[in-house]
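Working notes, structure below.
Just follow the structure's listing: the first ligand is 1, and inside any ligand the first atom is 1.
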Amino acid sequence: MTEKEILLSSIFNCSRSALYSQEWSLNAEQAKKLSETLFLRSQGVPLQYILGEVEFFGLVFKVDQRVLIPRPETEILVETVLKSAAGQMKMLDIGTGSGCIAVSLAKFLPEVQIDALDVSPEALSLAKENVRRNSADKNINFVQSDLFSVFKKNNVNNRLGNYDIIISNPPYVRSGDINGLQKELKYEPGMALDGGGDGLDFYRRIIAEAGNFLKKEGRLFLEIGFGQREDIEKIVSAGNGFIIEEIIRDYSGIERVMIMRRDGKFSN
Ligand code: GLN
């Protein structure tokens, strides 16, 4: 749906097709909502934050400034994981944000168990609302953690670790680009976007450690940003943890998802 269609179908509380098949006129309340929304949009506030929700993978998620707005490209990540997943797999979602990846996977894999991590307690509280809203409670366990730090604590929960699949859409925008890109980005949590000076900090950290928490044949699925494939390949080949199995492009032809398999040579 275009932004206009999303806005008008929210104001009239109707489907996209009804917008075109019926005549609509604004009552006073709807006119007020429309002009308030247009004002906030003119300031750069993303439409999804104004409306308070977004559709992702056919499901509806609550969103606000505690979390990154789920992007359509991330549906490719979910779709790619779904293609190689089956049955009672154990998965880890790093940097879950709104919970959109974990919830979408759980809706299509009713037996999956997902541990969903985020460093932000505010994001986790919103993700929990999204899990309840989409009735995925029994599949998802939320844990507050800066990447793998919770696994290293002495009191580590035995349930954590030994995953079939680790997934992440980490922050990957270069720090210096955040203010220069669209003004909408300034409204989203910096920590969900900022991937450090070259945008690759989280790939370095995840690729260095993820092997420790995967089963032998386990796989790592990462969303990547425009033009990052080559640099990430270098990070992978400099370590000894992973072999790149496949790279999937999004609908704009941009390399968007990297699938890596744990390297047999990996020591533990
Ligand atoms: N895809 C987002 C953007 O381009 C970035 C999301 C991320 O850093 N993971 O704005």
Side-chain angles (χ1 to χ4, degrees), residues 3 6 41 43-50 54-57 61 63-81 91-105 116-120 122-124 126-127 130 145-148 165-207 209-210 220-233 235-236 247-260:
E3 186 159 316
I6 295 171
R41 277 302 289 127
Q43 305 297 298
V45 182
L47 182 62
Q48 296 88 339
Y49 285 158
I50 303 171
V54 64
E55 201 184 306
F56 179 87
F57 220 74
F61 291 87
V63 282
D64 60 32
Q65 285 186 269
R66 288 174 285 178
V67 296
L68 185 85
I69 297 165
R71 309 286 203 269
E73 305 88 271
T74 305
E75 294 177 335
I76 311 274
L77 175 64
V78 172
E79 216 171 79
T80 307
V81 174
M91 300 188 188
L92 178 71
D93 174 22
I94 302 174
T96 196
S98 63
C100 65
I101 296 173
V103 171
S104 304
L105 290 171
L117 310 180
D118 208 287
V119 68
S120 156
E122 293 80 23
L124 287 174
L126 179 54
N130 279 322
S145 178
D146 178 18
L147 300 192
F148 301 100
I165 289 180
I166 297 181
I167 308 138
S168 187
N169 170 23
Y172 56 65
V173 180
R174 289 191 204 97
S175 312
D177 284 348
I178 291 184
N179 289 326
L181 297 172
Q182 318 100 288
K183 55 184 174 183
E184 281 78 3
L185 284 189
K186 288 199 242 342
Y187 290 87
E188 301 194 79
M191 72 165 114
L193 290 165
D194 191 339
D198 62 0
L200 302 171
D201 282 1
F202 290 90
Y203 298 107
R204 280 186 279 269
R205 293 176 62 193
I206 292 172
I207 290 165
E209 296 201 56
L220 174 61
F221 290 72
L222 297 175
E223 177 171 326
I224 66 170
F226 177 75
Q228 292 180 326
R229 195 246 317 146
E230 244 173 88
D231 287 330
I232 298 173
E233 274 176 355
I235 297 171
V236 173
I247 292 159
I248 316 286
R249 291 175 187 269
D250 64 20
Y251 296 121
S252 322
I254 295 170
E255 291 165 320
R256 186 59 69 187
V257 175
M258 285 178 90
I259 310 178
M260 303 175 199

Apply salt bridge (charged side-chain N to carboxylate O under 4.0 Å, His left out) to Arg174 and Asp201, showing your working.
CA-CA 9 Å; Arg174 289 191 204 97; Asp201 282 1; over 6 Å; no
For ligand 1, the portion of Leu185 having any non-hydrogen atom under 4.0 Å away
side chain
Contact between ligand 1 and Ala192 is defined here as a heavy atom of the residue under 4.0 Å from a ligand atom; is it met?
yes
Could you identify the single nearest non-hydrogen protein atom to atom 3 (C) of ligand 1 and state the distance to 0.1 Å?
Arg71 NH2, 3.7 Å
Among protein heavy atoms, which lies nearest atom 7 (C) of ligand 1, and at what distance?
Pro170 O, 3.5 Å
Any N or O of Arg256 that comes nearer than 3.5 Å to an N or O of ligand 1?
no
Give a yes or no on whether atom 10 (O) of ligand 1 lies under 4.0 Å from any heavy atom of the protein.
yes
Does this structure show an ion pair linking Glu188 with Arg71, if we count only N-O contacts that are shorter than 4.0 Å?
yes
Could you grab the distance from atom CG of Asn130 to atom CZ of Phe56, nearest 0.5 Å is fine?
11.5 Å
Closer than 4.0 angstrom, basic N to acidic O: yes or no for Glu255 and Arg229?
yes
Salt-bridge present (Asp146, Arg205; N to O < 4.0 Å):
yes
Give a yes/no on ligand 1: does Glu73 have at least one heavy atom closer than 4.0 angstrom to it?
yes
In terms of side-chain heavy atoms, does Ser168 have a donor or acceptor partner in Glu223 at a distance below 3.5 Å?
no
Could you go through Leu117 and Leu147, starting from their C-alpha distance and side-chain angles, then the distance that decides it, and tell me whether this counts as side-chain contact (heavy atoms from CB on, under 4.5 Å)?
CA-CA 7 Å; Leu117 310 180; Leu147 300 192; 6.0 Å; no
Please could you name the atoms of ligand 1 that Leu193 approaches to less than 4.0 Å, counting only its heavy atoms?
5 (C), 8 (O)
Among all protein heavy atoms, pick out the one at the shortest distance from atom 1 (N) of ligand 1; state its residue, atom name and that distance to 0.1 Å.
Tyr172 OH, 2.9 Å
